[in-house]
Every structure is written in C-alpha cells, then in structure tokens.
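Every chain is numbered from 1, with letters handed out A, B, ... down the list of sequences. Model, not experiment: these values are computed from the prediction.
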2 protein chains.
Amino acid sequence: MLDDLDRRLLESLIKDSRTSLKELAQQVGLSSPSVAERLRRLEDRGVIRAFTVEIDPQALGYTLQAIVRIRPLPGKLHIVQKLIEEIPEFGECDKVTGDDCFVARLFVRSIGDLDKLLDRIADKAETSTAIIKAQPIRRRPPPLGATASSKP
Amino acid sequence: MLDDLDRRLLESLIKDSRTSLKELAQQVGLSSPSVAERLRRLEDRGVIRAFTVEIDPQALGYTLQAIVRIRPLPGKLHIVQKLIEEIPEFGECDKVTGDDCFVARLFVRSIGDLDKLLDRIADKAETSTAIIKAQPIRRRPPPLGATASSKP
DNA sequence: GGCGTCGGTCCAGATCGTCCAGCATTTGAC
DNA sequence: GTCAAATGCTGGACGATCTGGACCGACGCC
C-alpha cells in the first residue's frame with residue numbers, strides 16, 4: 001500500500017508539512033521531481049487528506065476542553081446533529097454505537113461558556129460531560145508501518 | 001490576541017499549509033517578508049503548534065475507529081497510561097474527570113484487531129468501547145474569531 | 001521635539017519548484 | 001526469449017519563490 005519511501009515522506013511531513021521538496025528529497029534519497037510526484041499521488045489516492053496546521057487552543061484562550069456524550073431525545077437526532085455541526089466550539093464529533101449517540105470534543109474559554117453551550121442542546125438531548133484534565137496523547141495519525149494485514 | 005490578518009493567514013494555512021508565502025501575501029494584502037515574519041511570530045507565541053499533514057486512516061487500511069473509555073483498576077493508573085501511550089493504534093487519549101479515567105480513540109483494521117488490542121489492557125483496567133459509525137465533525141480547530149472574552 | 005521600537009516595504013542574491021527529455025527496469029503478449 | 005509499453009527515476013534549464021538587509025513611517029514615551 002505504502003512503500004518505505006512514502007512512509008518516510010509522510011513521517012517528515014507529519015513533523016513539518018512545510019518542508020521543501022528539495023529537503024524531503026535528500027532525506028529519502030530521491031530527486032525533487034520524484035518527491036513531487038509521490039506527494040501528488042499520495043494526495044490523489046486520498047492518503048494525504050490535507051496539509052494543515054495544528055493550532056494550540058490554549059493560545060487562543062480556550063483553556064478548557066471537555067468530552068461530551070450526547071443522547072438526543074426521541075425524534076431529535078437530526079436536529080441535534082445539525083446543531084452540533086453549527087457550533088464551532090465543537091472540535092470533533094463522532095457518531096457511535098451504544099447508548100450515547102454522539103461523542104464530541106468541546107473547546108471553551110471558561111466553565112461559564114461550557115454551561116452556555118450545553119444549554120443550547122439541553123432541551124433536545126441528554127448530555128454527560130467530562131472535563132479534560134490532561135492529554136496523554138494528542139491527536140496523532142495511525143501507524144504507517146507495514147500495511148501487511150492481508151498478506152500471509 | 002490575534003488580529004484580522006493573523007486570522008486570515010491561519011484560515012488559509014488550515015486549508016493548505018503548503019501555500020507559498022507569496023500567495024498568502026496576496027491573499028491578505030501584505031508583502032511576503034511580512035507574512036514570513038507573522039508566521040514566525042505565530043510559531044514563537046505557540047499559536048501554531050506545527051505544520052502537519054492529515055492522513056486518512058481508511059486509506060491505510062484502518063477501516064474501523066472506536067472510542068474507548070478506560071477505568072484502570074486500583075493502583076494501575078500509571079501502568080495503564082504508559083501502556084496506552086505505547087500502543088500506536090491509540091490516536092488520541094484524554095484524561096478526564098468522572099468515573100472513566102481516560103477516553104481514547106483507537107484505529108484498527110478489523111474487529112479482531114480491536115479485540116486483540118483491548119486484551120492487552122483488559123487485566124489492568126475496565127473498558128467500554130463504542131464503535132464509530134460516522135464522523136459528523138472531523139477534527140477542526142477552535143474558532144479563531146474575536147478573542148474577546150475578557151473585554152466588556 | 002527627539003528617540004526607540006514595531007511592523008512594514010523594496011530589492012537583490014540565493015534557493016527552490018517545475019517542466020522536459022532521456023534512461024533503466026518491469027510487465028505482459030506473443 | 002523478445003519486443004513494446006508502462007512506470008518511475010534523474011539531471012538540467014528556467015522561472016518562481018524565499019531570505020536577509022537597508023530603509024521608512026507610525027506610535028508611544030520621555
């Protein structure tokens with residue numbers, strides 16, 4: 001799926017996506033046109049979804065994060081989902097199996113803000129909120145290594 | 001905290017962090033040295049944590065994601081945390097208030113893999129697992145707008 | 001008013017990216 | 001086994017981009 005060169009390119013780009021083609025090229029031992037071509041293909045194949053920037057919420061004043069589990073009241077599922085999508089403070093939301101329909105991450109500046117935001121969905125869903133005290137693992141990609149699950 | 005120019009630069013970089021300084025410059029109406037200088041300052045201030053690349057887990061064969069809530073058995077908290085950190089399939093882990101001590105995201109290739117990974121912590125913690133069925137909101141940064149929470 | 005600082009521009013030399021032609025290796029058909 | 005096509009790489013040339021330095025104006029502070 002990915003060869004060793006692709007993997008090394010991705011590793012470098014995960015660390016710094018603004019690395020120049022030339023430098024990537026020397027890191028993996030190719031010419032820069034080859035690297036450009038490989039990156040283009042990784043994008044085409046959808047392996048690279050985007051080159052982006054990681055922003056520190058703290059630095060923007062979002063000193064608090066919470067994980068919110070959301071159980072919409074009967075018949076309110078779609079309204080709730082739409083509501084969540086429209087609130088930009090939700091930084092992530094997954095629809096999951098089990099009692100909790102959604103699990104979402106919320107960025108807020110204060111407990112007051114948290115309360116205000118949750119109030120907006122309180123009449124359409126039950127929520128349980130857990131404040132994040134620490135982040136042992138910050139968002140990271142899955143392992144790139146050995147894509148050998150089908151090979152015997 | 002951030003002025004309008006910074007915000008626009010960040011917006012552009014969130015969409016594509018490989019955008020050239022020159023193009024960023026025309027987008028916000030500055031010269032490219034100024035843009036370079038602003039980016040440098042955003043990094044210094046810690047607003048920009050990293051330029052990185054978003055990888056599609058599906059494209060690497062990780063067809064399944066799960067949210068796992070983890071309650072270490074008495075006295076096992078640190079061992080469990082260390083274990084989690086060392087398993088690269090955990091793509092995210094937060095330490096939270098409440099009964100569940102950790103909430104983590106797991107990337108796996110199959111239900112079998114899920115079972116195998118959870119077995120590795122089964123004797124040190126109780127876990128509840130929810131399979132992700134859909135992602136209404138994929139990871140996104142908090143709103144950059146109007147950093148005016150302290151101003152009356 | 002004088003002065004330092006901050007944030008900006010402009011310019012030139014250095015660096016980088018892209019295009020293209022050409023070469024080696026692999027693949028598949030016969 | 002051989003040929004042709006396809007694939008993936010390289011090197012060089014040229015245009016685009018980045019970088020560092022000189023300089024400038026606005027602002028706040030003695």
So if you build clusters from Ile, Leu, Val, Met, Phe, Trp, Tyr with side-chain heavy-atom gaps below 4.5 Å, do A:L10 and A:L24 land together?
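Both belong to a single hydrophobic cluster.
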Can you identify which nucleotide, out of C:dG7, C:dT9, D:dC9, has its nearest atom closest to the A:L5 side chain?
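Selected nucleotide: D:dC9.
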Checking all strands, does A:R40 fall into the base, sugar-phosphate, or nothing category for heavy-atom contacts under 4.0 angstrom?
nothing
B:R40/B:E37 under salt bridge (charged side-chain N to carboxylate O under 4.0 Å, His left out): CA gap, chis, key distance, verdict:
CA-CA 5 Å; B:R40 204 189 51 67; B:E37 177 63 11; 3.1 Å; yes
Considering the options A:R7, A:Q27, A:E23, which one meets the side chain to side chain donor-acceptor pair (under 3.5 Å) requirement together with A:S12?
A:Q27
So which of B:V53, B:L60, B:D56 actually passes side-chain contact (heavy atoms from CB on, under 4.5 Å) with A:V47?
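Per the side-chain contact (heavy atoms from CB on, under 4.5 Å) rule, the option paired with A:V47 is B:L60, out of B:V53, B:L60, B:D56.
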What is the distance, to the nearest angstrom, from the [atom1] atom on [X] to the [atom2] atom on [N]?
X: B:R38; N: C:dC6; atom1: CZ; atom2: P; answer: 15 Å
X: A:D44; N: D:dG8; atom1: CG; atom2: P; answer: 13 Å
X: A:L24; N: C:dT15; atom1: CG; atom2: C1'; answer: 15 Å
X: A:E37; N: D:dC9; atom1: CD; atom2: P; answer: 8 Å
X: B:Q26; N: D:dC18; atom1: CD; atom2: P; answer: 10 Å

If you count every heavy atom of other residues, nucleotides or ligands that lies below 6.0 Å from A:R120 atom CZ, does the total exceed 12?
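No, the 6.0 Å shell around CZ holds no more than 12 heavy atoms from other groups.
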So, is B:R41 close to the C:dC6 phosphate, meaning a side-chain N or O under 4.0 Å from OP1 or OP2?
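For C:dC6, OP1/OP2 do not have a side-chain N/O of B:R41 under 4.0 Å.
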Please state whether the phosphate of C:dT9, meaning OP1 or OP2, lies under 4.0 angstrom from any side-chain nitrogen or oxygen of B:S31.
yes
N/O to N/O distances under 3.5 Å, protein versus nucleotides 16-18 of chain C:
residue: C:dC16; atom: OP2; partner: A:K22; partner atom: NZ; Å: 2.9
residue: C:dG17; atom: OP1; partner: A:L21; partner atom: N; Å: 3.0
residue: C:dG17; atom: OP2; partner: A:L21; partner atom: N; Å: 3.2
residue: C:dG17; atom: OP2; partner: A:K22; partner atom: N; Å: 2.9

Check: A:A130 main-chain N/O paired with B:T97 side-chain donor or acceptor under 3.5 Å
no
